[in-house]
There are 2 protein chains.
Amino acid sequence: MLSKTTADAPAALTLNDVAQRAGVSPMTVSNVINGKAGVRAATRQRVLDAISETGYRVNPMARTLAGGRNRILSVLTPQMNQPYASEVVQGAANAAQRLGYELIVMRSGGSNFSVMTQLAAGVLLIQPPPLPHRGDQDLRTDRLPPVVSVDGPSDHPFMVDNYGGACLAVQHLVGLGHTRIGFISGLEAEPGVAAEGAGASSGQRNDAHERFRGYRESLASAGLPVLTEYVQHGDFTKESGERAAQHLLRLPRPPTALFVSGDAMALGAIHLAQDLGLHVPDDLSVVGFDDLPIAAAARPALTTVRQPLQEMGDRAIELLVELVEHRAVVCPAPFPTTLIQRDSTAACR
Amino acid sequence: MLSKTTADAPAALTLNDVAQRAGVSPMTVSNVINGKAGVRAATRQRVLDAISETGYRVNPMARTLAGGRNRILSVLTPQMNQPYASEVVQGAANAAQRLGYELIVMRSGGSNFSVMTQLAAGVLLIQPPPLPHRGDQDLRTDRLPPVVSVDGPSDHPFMVDNYGGACLAVQHLVGLGHTRIGFISGLEAEPGVAAEGAGASSGQRNDAHERFRGYRESLASAGLPVLTEYVQHGDFTKESGERAAQHLLRLPRPPTALFVSGDAMALGAIHLAQDLGLHVPDDLSVVGFDDLPIAAAARPALTTVRQPLQEMGDRAIELLVELVEHRAVVCPAPFPTTLIQRDSTAACR
DNA sequence: TTGAAAGCGTTACCAA
DNA sequence: TTGGTAACGCTTTCAA
């Protein structure tokens, strides 16, 4: 029913067919479609009728090739099945629909950056890898459409206030009376987290540093010590959260609270604590970061620092459209985070 | 750094540029790129060198417009942030990469079906809505590329053995000694679930019926009664699972085990049981369906019927490529399900 | 083995 | 207000 091979297909419906049917020239049809001024109302109507009668749709490829704007935006993301990216994409898809653009999503890697570049009027990058391969860069950057990125470097980066978010989390824990607060960062085996001023080139590394700074400074301004043995690193997976928590909770004087730089890792930490016979939040409080859908669905529901991911995706597309349509743009300020209090944190006993 | 507007862009690199550089005609470059036989080795090498020196990439739009094959496949899915679709897409992306195709994903709805149609050499539909709007169908189905669908109708549908999966789940529960087994289906407020032979037009409804049939027949062959009050319906959300479980567990003689037609609903059921003071699995056993990532990540880890979603996505793309390349194809048999035993089921006490 | 011509469906530009 | 012409970058077809 739906499937039909190109072999036996009737010729595609073109601008010419519509023009013929409306008794005008192809150019007039084009002008009507593109909302150009200077078409008599009657003519316009005749064309419109012919379009709806035939069910004609413009061919975006031909349109692009001919130099027109194609109303296609693309998203490049390293992993399509990660909740972080999914949320951003969801917001982006909403905005695109609202603004009358089509949104196509591709998994980044390989040669597809150039495909996007030729296909789309604008590109949204989600968590682009720290070092864009030079291989892609030295191929001539001709015809490069506007690029906006969420959680990664570009001329128009969208990011969250990581420092502020970390402060929110730690201050919440401090306010609950905790004095031994551990930190699980998202910077697995990265050297020199404690050391200042490492290169801020990589978006992710920079995020990690900002969150660590928030942790460190919040502790300091509460008069609490910053212990290196209370800082562990993970890679945002649940398993890495378990490993890090295991290390932390086996310390002679283990933390009574954990600030974890990602929801999946936080859930891992909670499960490990439970395996150790600890009750969350009575024996151990845990705060996550991101507020992915799993945070609310978990038991105990996770207290976490919310990144407005859908909103960021939405706003990123809005900016991209401004760029595509050559309007003036302002670089976005970092998005504020909010603390979502749920059931994984309680007063220190 | 990455962003550069079209305005000041150098002219795009074309086949002609490469041809000039290699000292041959554009056609020869085209022939080399497309692996056509009959190009002298030396000439071929000269062209290849020119290509890599310039970093040239074919423009897929132009290629398509000119009637060539474009090695782009597209996926249309109603919700990009649902785990079900994410898993299928992940598998599809792997297969596409392996086979040298680009995969683009779009959220279905609106006019984008026709965009896909013109852009891609083949289309993969994931969970297409039950009734394809006639609006899209009466527009001339010209140039329609091959279509394959996962969990929905098409000439080449990919689905799982829903009946067998349900049998697996119920037999597992029966084997554990349970005699009061409830069922939460994915067919919210759908009339006549108990009634046979409702139209099998909708993929989802059909799935639901098949799973119910597995439940009913497994119960029957175990000599157990099929009680209508033990059957509830949800819409695959966690909340609907909670609602259905609440109804079931408040029955005078509540079930001691639940077979739930989706992992998120199953988790909702477990959480509701816990809220009622029940222990899972000691007081209530729960089996889910799908084996989404959350099933393994939850506590207690969910025993569930696994659909090989990534594999289905992978195989769907393989089939699509066969279709695109005009090879002979066989329609796929339903994929087998497997029972993944985890921690949400135990012997009836 | 190579290349010239024509055309895919659309839009920019400019003349009528 | 309308429409002709050229061009976008590529492939098909066919001739050299």
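The structure presented is a predicted model; accordingly, all values stated were derived computationally and were not measured. Here is the naming used below: chain letters follow the sequence lines, and residue numbers restart at 1 for every chain.
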Whole-Å distance between [N] [atom2] and [X] [atom1]?
X     : N      : atom1 : atom2 : value
A/Q20 : C/dT10 : CD    : P     : 14 Å
A/M61 : C/dT10 : CE    : P     : 12 Å
A/N59 : D/dC8  : CG    : C1'   : 13 Å
B/L13 : D/dC10 : CG    : C1'   : 14 Å
A/Q45 : D/dT1  : CD    : P     : 16 Å
A/D17 : C/dC8  : CG    : P     : 11 Å
B/L65 : C/dG9  : CG    : C1'   : 5 Å
A/N16 : C/dT10 : CG    : P     : 8 Å

Side-chain touch A/N59/B/L65, heavy atoms, less than 4.5 angstrom:
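Yes, side chains in contact.
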
Suppose we screen for side chain to side chain contact (heavy atoms under 4.5 Å, CB included). Which residues come up paired with A/Q79, at least two apart in sequence or across chains?
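Applying side chain to side chain contact (heavy atoms under 4.5 Å, CB included) to A/Q79 gives A/N81, A/Q82, B/Q90.
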
What pairs with A/A316 under side chain to side chain contact (heavy atoms under 4.5 Å, CB included), at least two apart in sequence or on another chain?
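Result, side chain to side chain contact (heavy atoms under 4.5 Å, CB included) vs A/A316: A/L124, A/V148, A/V150, A/F158.
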
Any B/S25 side-chain nitrogen or oxygen under 4.0 Å from OP1 or OP2 of C/dA4:
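No, because none of the side-chain N or O atoms of B/S25 sits under 4.0 Å from OP1 or OP2 of C/dA4.
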
B/T28 side-chain N/O to C/dT1 phosphate OP1/OP2 under 4.0 Å
no

Taken in chain and number order and not counting sequence neighbours, the residues that satisfy salt bridge (Lys or Arg N to Asp or Glu O under 4.0 Å) with B/R63 are none

What residues form a salt bridge (Lys or Arg N to Asp or Glu O under 4.0 Å) with B/R46, not counting sequence neighbours?
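Partners of B/R46 by the salt bridge (Lys or Arg N to Asp or Glu O under 4.0 Å) criterion come out as none, since no residue qualifies.
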
Five pairs at each end of the helix from C/dT1-D/dA16 to C/dA16-D/dT1: take the axis at both ends and give me the angle between them to 10°.
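Nearest ten degrees gives 40° for this helix.
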
Passing option when A/I104 is tested against A/L73, A/L119, A/V75 for side-chain contact (heavy atoms from CB on, under 4.5 Å)
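Running side-chain contact (heavy atoms from CB on, under 4.5 Å) over A/L73, A/L119, A/V75 with A/I104 returns exactly one hit, A/L119.
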
What one-letter contact string describes nucleotides 11-16 of chain C from 5' to 3', where B marks a base within less than 4.0 Å of any protein heavy atom, S marks contact via sugar-phosphate atoms alone, and - marks no contact?
BBB---

